[in-house]
2 protein chains.
Amino acid sequence: MSVLNPIAGTSLANEAFGKLVEAITSGEFEPGEKLSEADLARKLGISRGPLREALGRLEGRLVTRTPRLGVRVIQFSKDDLEHLFLVREALEGMAARLAAEVITDSELRSLGDLLRQHANRPALAAGQAYRQHSHDDDFHFAIVHASRSERIERLLLDEVYYQLRIHRLRSSTRPGRAKAAWHEHAAILAAMEQRDPDGAEIAMRRHIRNARLSATAALDGEGRPNQ
Amino acid sequence: MSVLNPIAGTSLANEAFGKLVEAITSGEFEPGEKLSEADLARKLGISRGPLREALGRLEGRLVTRTPRLGVRVIQFSKDDLEHLFLVREALEGMAARLAAEVITDSELRSLGDLLRQHANRPALAAGQAYRQHSHDDDFHFAIVHASRSERIERLLLDEVYYQLRIHRLRSSTRPGRAKAAWHEHAAILAAMEQRDPDGAEIAMRRHIRNARLSATAALDGEGRPNQ
DNA sequence: TGATAGCAAACTGTTGACAGTTGACCAACG
DNA sequence: CGTTGGTCAACTGTCAACAGTTTGCTATCA
């Protein structure tokens with residue numbers, strides 16, 4: 001194990017990109033909010049050139065750019081959100097299928113531990129909320145990671161998870177959904193333990209479909225979607 | 001119907017982006033080839049600033065950038081290609097499901113006409129090749145379009161179709177695959193005509209899976225994948 | 001002959017200046 | 001009072017210059 005690894009090269013544009021992703025997904029800006037290049041560049045201590053490059057890389061994902069008018073944080077309609085969940089269903093269903101074929105015993109144990117931790121959360125026990133705070137404790141991300149498909153993982157991050165995060169910030173929960181979601185996770189894990197690709201995919205897709213229905217119902221009423 | 005529509009705003013970076021996509025996907029550059037900013041900017045008649053922005057938007061899709069070393073057209077391994085097909089299977093399967101629910105009679109007729117045109121091609125009749133030259137005569141794209149999911153359509157274009165196009169340029173065909181592909185298309189259409197979402201998804205996914213197997217088998221031997 | 005050092009050209013990444021556009025505000029007019 | 005026109009500051013998009021890095025070539029040395 002050599003300590004001589006390539007010196008990681010980076011650029012101001014790359015660093016700005018990461019910080020913008022974090023700022024946008026952590027709620028520093030409202031959906032639809034206009035972003036000022038001059039302001040952001042000043043705050044990041046760089047010139048506008050690399051800042052523009054970083055914003056360009058976020059186009060279509062976390063920001064929309066209208067030529068000559070500027071850049072806004074994305075916001076989307078109920079219809080957009082439905083289609084986001086359909087993409088998620090397709091990709092996570094495939095990831096679950098792949099994971100069921102290759103997952104290790106150790107990864108299965110970790111998933112089981114994770115669900116037990118989740119079950120011990122007061123909010124979940126009270127049926128109020130089922131929230132996963134970071135990738136490290138996200139059941140879905142663990143399964144996508146276990147699929148060993150970097151492409152699916154990257155797509156879900158870039159095109160689905162970051163966007164969902166923007167909309168999770170003001171949360172409400174629908175009655176009964178929290179516990180149901182946990183049980184659906186448990187059913188996915190059971191299929192994984194059986195190493196049953198079809199079952200895993202079916203269980204995962206059912207879970208995401210239910211999340212979609214919950215999210216769109218929440219939009220019809222009040223608040224924002226959760227899982 | 002007013003003739004007064006918003007004047008479409010654009011920018012040099014946007015125009016460069018489109019031209020780069022076209023140049024890269026039409027084979028003007030080899031996979032892995034290094035792209036020179038100065039050269040491209042000169043050819044496009046713009047300064048390096050907007051050119052860099054355009055390249056930045058292509059990162060992770062059609063080009064890879066290594067800081068301080070430059071930008072190269074993507075190339076990928078057999079494993080990458082397999083995962084690309086898995087993503088395609090998931091997304092096109094979902095698109096076929098959605099399309100089966102909402103497709104119009106007129107769209108069905110167009111699909112039927114398209115397959116008949118395809119059947120009349122000499123290369124297909126001889127079992128040599130089944131090639132679709134543009135989006136207009138692409139059966140898959142027509143179905144994705146009929147799904148009315150802009151998000152899936154955009155994802156497939158940005159993350160799948162452009163990348164496949166890079167690899168179609170030097171083609172070979174596997175015996176029997178051309179005719180089988182056409183029959184698989186016909187089966188997809190039949191499920192569409194039945195307006196059967198499950199059937200459409202199953203038929204589409206089977207077709208893409210077979211294309212994946214054909215592509216990876218081709219990589220094991222000689223040449224490049226086709227459908 | 002292979003390894004090392006030096007040099008210059010070409011390249012990438014960034015900056016700041018400039019031009020054109022936009023939006024906000026105010027005054028004038030009907 | 002609503003509309004129009006003018007002005008100005010702020011903004012976006014682009015350009016060219018500069019600094020630092022990389023690459024290729026040549027000369028020197030062991």
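Residue numbers start from 1 in every chain, and the chains themselves are labelled A, B, ... in the order their sequence lines are given, proteins ahead of strands.
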Using a strict 4.0 Å threshold on nitrogen-to-oxygen distance, state whether B:Glu92 and B:Arg88 make a salt bridge.
yes
Going 5' to 3' through nucleotides 6-20 of chain D and flagging B where a protein heavy-atom sits under 4.0 Å of the base, S where only the sugar-phosphate is that close, and - otherwise, we get -----SBBBB-B---
Original post:
So A:His118 and A:His185, would you call those rings parallel, tilted or perpendicular, with 30° and 60° as cut-offs?
Top reply: tilted
Would you check if A:Glu150 and B:His83 make a side-chain contact, meaning some heavy-atom pair closer than 4.5 Å?
no
For residues 45-54 of chain B, the salt bridge (Lys or Arg N to Asp or Glu O under 4.0 Å) pairs (sequence neighbours left out) are A:Arg52-B:Glu53, A:Glu53-B:Arg52, B:Glu37-B:Arg48, B:Glu37-B:Arg52
Ion pair A:Arg97/B:Glu89, N-O distance below 4.0 Å | no
